[in-house]
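Before any comments, here is the structure.
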Amino acid sequence: MNGFDWNAARDALPLVLEGFRVTLLATVLGTLVAAVLGLAIAVAGRAPSRFVTVPVRVVMEFIRSTPLLVQLVGAAALFTAVEPLTIGIVVLGVHYAAYTSEVYRAGIDGVPKGQWEACRALSLTPRRTWQAVILPQAVRNVLPALGNYAISMFKETPFLAVITVQEMVFEARKYGADHFAYTEAFTLAGLVFLVASYPTSLLMRKLEKRLGH
């Protein structure tokens with residue numbers, strides 16, 4: 001490749017991979033937060049009291065209506081004593097929970113009404129109804145969508161560099177600035193993103209087709 005310094009790429013690779021470790025950690029933990037919190041929000045949204053549903057709806061609309069970058073900067077400014085990586089994980093998780101909650105809601109609405117009626121006929125408690133009947137079916141139906149959001153979160157982790165989290169793009173930019181080798185460092189970062197996200201995307205498509213049958 002004309003103008004591409006393979007020696008610089010070789011030197012940058014360990015730093016990029018170390019950044020990838022942070023990127024992967026933020027993605028995995030952020031996805032867990034989004035999955036658990038999104039489910040809790042979806043269930044809370046079906047509460048009979050407007051004192052629960054209205055505040056939940058307002059907060060979710062606020063999160064969906066503001067950019068992730070603004071949320072990261074705002075959280076970092078408010079919680080200066082907290083580690084940037086922790087802030088990044090929580091903000092990513094909360095941001096995507098606003099979207100996964102809608103995925104869960106669709107999955108719950110997709111459970112046939114007969115399932116609810118059968119639970120009432122069997123005198124199952126609400127807790128037992130959710131745990132044993134509704135959620136297993138709803139979660140199974142939305143797994144591909146949740147996986148796609150995890151991939152999206154992975155590709156948005158470079159925003160964490162704004163609050164000084166040393167993820168993969170942060171490390172690539174740092175190496176490029178120190179050695180005047182931006183092309184090599186960013187090319188490596190892009191390739192790692194591709195190698196990590198493309199197979200996962202194919203897996204989600206395969207899972208979606210299988211669950212659709």
Side-chain angles (χ1 to χ4, degrees), residues 1-38 63-100 144-207:
M1 186 184 299
N2 187 30
F4 191 88
D5 189 339
W6 291 99
N7 290 326
R10 181 193 61 202
D11 293 340
L13 184 59
L15 290 176
V16 171
L17 292 179
E18 175 60 24
F20 174 69
R21 183 188 66 81
V22 177
T23 292
L24 190 61
L25 178 64
T27 302
V28 171
L29 295 182
T31 299
L32 287 175
V33 172
V36 174
L37 183 58
I63 292 173
R64 283 192 286 263
S65 301
T66 54
L68 174 61
L69 187 61
V70 173
Q71 294 169 15
L72 285 167
V73 173
L78 287 174
F79 304 102
T80 55
V82 181
E83 288 290 327
L85 179 58
T86 301
I87 292 175
I89 290 169
V90 173
V91 171
L92 280 173
V94 172
H95 180 83
Y96 274 89
Y99 297 97
T100 59
L146 294 177
N148 289 332
Y149 275 122
I151 295 170
S152 296
M153 184 186 298
F154 173 66
K155 292 187 291 186
E156 289 196 337
T157 52
F159 284 127
L160 301 184
V162 174
I163 57 172
T164 70
V165 175
Q166 297 180 358
E167 46 72 52
M168 187 160 52
V169 173
F170 180 96
E171 294 289 2
R173 182 166 59 243
K174 184 175 183 297
Y175 182 88
D178 291 343
H179 299 86
F180 303 100
Y182 286 103
T183 299
E184 292 76 12
F186 280 111
T187 298
L188 284 176
L191 288 174
V192 173
F193 270 115
L194 176 63
V195 170
S197 62
Y198 185 65
T200 307
S201 178
L202 293 179
L203 180 62
M204 289 302 104
R205 291 179 192 174
K206 186 176 181 180
L207 180 62

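These numbers come from the heavy atoms of this one structure, side chains and all, not from hydrogens, waters or symmetry mates.
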(request) Go through the structure and list residues passing side-chain contact (heavy atoms from CB on, under 4.5 Å) with Leu203, not counting sequence neighbours. (result) none
Tabulate below the donor-acceptor pairs under 3.5 Å that side-chain atoms of residues 159-171 make, not counting sequence neighbours, or state none.
unit_1 : atom_1 : unit_2 : atom_2 : d
Glu167 : OE1    : Val169 : N      : 2.9
Glu167 : OE2    : Phe170 : N      : 2.7

(request) Mind jotting down which residue pairs meet the side chain to side chain donor-acceptor pair (under 3.5 Å) criterion with at least one end in residues 82-100? Sequence neighbours excluded, please. (result) Gln71-His95, Tyr96-Glu156
(request) Heavy atoms only: give me the nearest Ile89-Ala26 pair and the separation to one decimal. (result) CG1-CA, 3.8 Å
(request) Would you sort out whether Leu68 and Val91 count as a side-chain contact (heavy atoms from CB on, under 4.5 Å), showing the intermediate values? (result) CA-CA 8 Å; Leu68 174 61; Val91 171; 3.8 Å; yes
(request) For Leu194, check side-chain contact (heavy atoms from CB on, under 4.5 Å) against everything at least two apart and list the hits. (result) Tyr198
(request) With sequence neighbours excluded, tell me which residues meet side-chain contact (heavy atoms from CB on, under 4.5 Å) with Tyr182. (result) Arg173, Ala177, Phe186
(message) For Ala98 versus Ile63, what's the shortest heavy-atom pair and its separation?
(response) CB-CG2, 3.8 Å
(request) Nearest 0.5 Å please: distance from the CG atom of Leu32 over to the CG atom of Leu37. (result) 12.0 Å
(message) Donor-acceptor pair, distance only, cut-off 3.5 Å: does the side chain of Tyr175 make one with the backbone of Ala8?
(response) yes
(message) With a 4.5 Å cut-off on side-chain heavy atoms, are Leu92 and Thr157 touching?
(response) yes
(request) Just grab all the salt bridge (charged side-chain N to carboxylate O under 4.0 Å, His left out) pairs involving residues 6-18, residues at least two apart or on different chains. (result) Glu18-Arg21
(message) Under the rule for side-chain hydrogen bond (donor to acceptor under 3.5 Å, both in side chains), what residues qualify as partners of Arg64, not counting sequence neighbours?
(response) Glu61
(request) Output all residues satisfying salt bridge (Lys or Arg N to Asp or Glu O under 4.0 Å) with Lys155, sequence neighbours left out; order by chain, then residue number. (result) none
(message) Test your reading of the model: is there a side-chain donor-acceptor pair from Ser201 to the backbone of Ser197, 3.5 Å cut-off?
(response) no
(message) Suppose we screen for side-chain contact (heavy atoms from CB on, under 4.5 Å). Which residues come up paired with Leu25, at least two apart in sequence or across chains?
(response) Leu29, Leu85
Under 3.5 Å, side-chain donor or acceptor atoms of residues 75-82 against the rest of the protein: list the pairs with distances, not counting sequence neighbours.
none

(request) Would you name the heavy atoms of Ala189 and Ala172 that are closest together and state the gap between them? (result) CB-CB, 4.2 Å
Donor-acceptor pairs are to be reported for all side-chain atoms of residues 146-154 against protein atoms at under 3.5 Å, with residues two or more places apart or in another chain.
unit_1 : atom_1 : unit_2 : atom_2 : d
Asn148 : ND2    : Pro144 : O      : 3.3
Ser152 : OG     : Asn148 : O      : 3.2

